[in-house]
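A, B, ... follow the sequence lines: proteins, then strands. Residue 1 opens every chain.
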Amino acid sequence: GAVVSQHPSWVICKSGTSVKIECRSLDFQATTMFWYRQFPKQSLMLMATSNEGSKATYEQGVEKDKFLINHASLTLSTLTVTSAHPEDSSFYICSASRTGNYGYTFGSGTRLTVV
Amino acid sequence: GQQLNQSPQSMFIQEGEDVSMNCTSSSIFNTWLWYKQEPGEGPVLLIALYKAGELTSNGRLTAQFGITRKDSFLNISASIPSDVGIYFCAGVNAGGTSYGKLTFGQGTILTVHP
């Protein structure tokens, strides 16, 4: 159990365009989902916490207007990178957690390359 | 932001050797997690620790939650080539506005030579 599906696994986009990444919990309801960003050979850095039905909470230094998060259902959260630039190229990973359960399950990640 | 101090940063070992890595923090965590990440993939949970002093095993892996709640270690015994990857510790914040969030260590890159 506790499977998190992330899509797409990789995407290449042109500078100035927007990209949407989906994170789905397949066999459980995720009241909370987290979005991370990881640069090569570095650790995961939390970008934002999204709670179903409410606004996401962004970490300091993360532009909420650039990284739009929607958590409209208990099984789906989306991250949209708006007006992408080459410096947004990174590995984006989501994780999901059941209510009261610290069994954080991670998606397989999305490699974003902005050209 | 807040970060855990994980060491060593990298290890190059021979197959069959034991491995030990640890994480320390200036903050208290109420849960410690150890993950393994392979290239191009998300982290996979190896061991979860919920109580101070807890010692938990998962096959050849053993991890402990420090008594002070500010540290944890992971041991891998009799390493094999498929143990190669990046190992991360993660602490779950105990309270306040950061409640429930994961804070990750910098990672330990493990290379196992056959």
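B:Glu41 CD to A:Gln6 CD: the interatomic distance, rounded to the nearest 0.5 Å, is 10.5 Å. Note that CD1 of B:Ile86 is 9.0 Å distant from NZ of A:Lys41, once rounded to the nearest 0.5 Å. To the nearest 0.5 Å, atom OG of residue A:Ser95 and atom NZ of residue B:Lys101 are 12.0 Å apart.
Each of A:Leu76 and A:Phe28 belongs to its own hydrophobic cluster when Ile, Leu, Val, Met, Phe, Trp and Tyr are linked at side-chain heavy-atom distances under 4.5 angstrom. Hydrophobic clustering of Ile, Leu, Val, Met, Phe, Trp and Tyr side chains at less than 4.5 Å, counting indirect connections, keeps A:Tyr92 apart from A:Val4. Criterion: ILVMFWY side-chain heavy atoms under 4.5 Å apart, direct or through other members. Under it, A:Leu74 and A:Met33 are not part of a common hydrophobic cluster. A:Leu68 and A:Leu79 sit in two unconnected hydrophobic clusters of ILVMFWY residues. Membership requires side-chain heavy atoms under 4.5 Å apart, directly or through other members. Follow the hydrophobic side-chain contacts under 4.5 Å out from A:Met45 and you never reach A:Phe67; the two are in separate clusters.
Contact of the B:Phe88 side chain with the A:Leu44 side chain is registered, since non-hydrogen atoms from C-beta on lie closer than 4.5 Å. When side chains are defined from C-beta on, A:Tyr36 counts as touching B:Leu102, because their heavy atoms get closer than 4.5 Å.
In this structure a side-chain-to-backbone donor-acceptor pair under 3.5 Å is missing from A:Ser108 to B:Gly42.
Dense packing is recorded around CD of B:Glu17, with more than 12 heavy atoms of other residues, nucleotides or ligands lying under 6.0 Å away. Summarising the local packing, NZ of A:Lys66 is surrounded by more than 12 heavy atoms from other residues, nucleotides or ligands at distances under 6.0 Å. Within a 6.0 Å sphere centred on NE2 of A:His7, other residues, nucleotides and ligands contribute 12 heavy atoms or fewer.
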Side chain to side chain contact (heavy atoms under 4.5 Å, CB included) between B:Leu45 and A:Phe106, intermediate numbers included
CA-CA 8 Å; B:Leu45 182 65; A:Phe106 284 81; over 6 Å; no
Can B:Gln37 and A:Gln38 be said to form a side chain to side chain donor-acceptor pair (under 3.5 Å), step by step?
CA-CA 12 Å; B:Gln37 185 180 29; A:Gln38 184 180 32; 2.8 Å; yes
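Only the side chain of A:Glu59 comes within less than 4.5 Å of a heavy atom of chain B; its backbone N, CA, C and O stay farther away. With a 4.5 Å cut-off on non-hydrogen atoms, A:Gln60 does not touch chain B at all.
Closest of all the heavy-atom pairs between B:Gly105 and A:Ser43 is O-OG, 2.5 Å.
Between A:Tyr104 and B:Tyr35, the distance from one ring center to the other does not fall under 6.0 angstrom.
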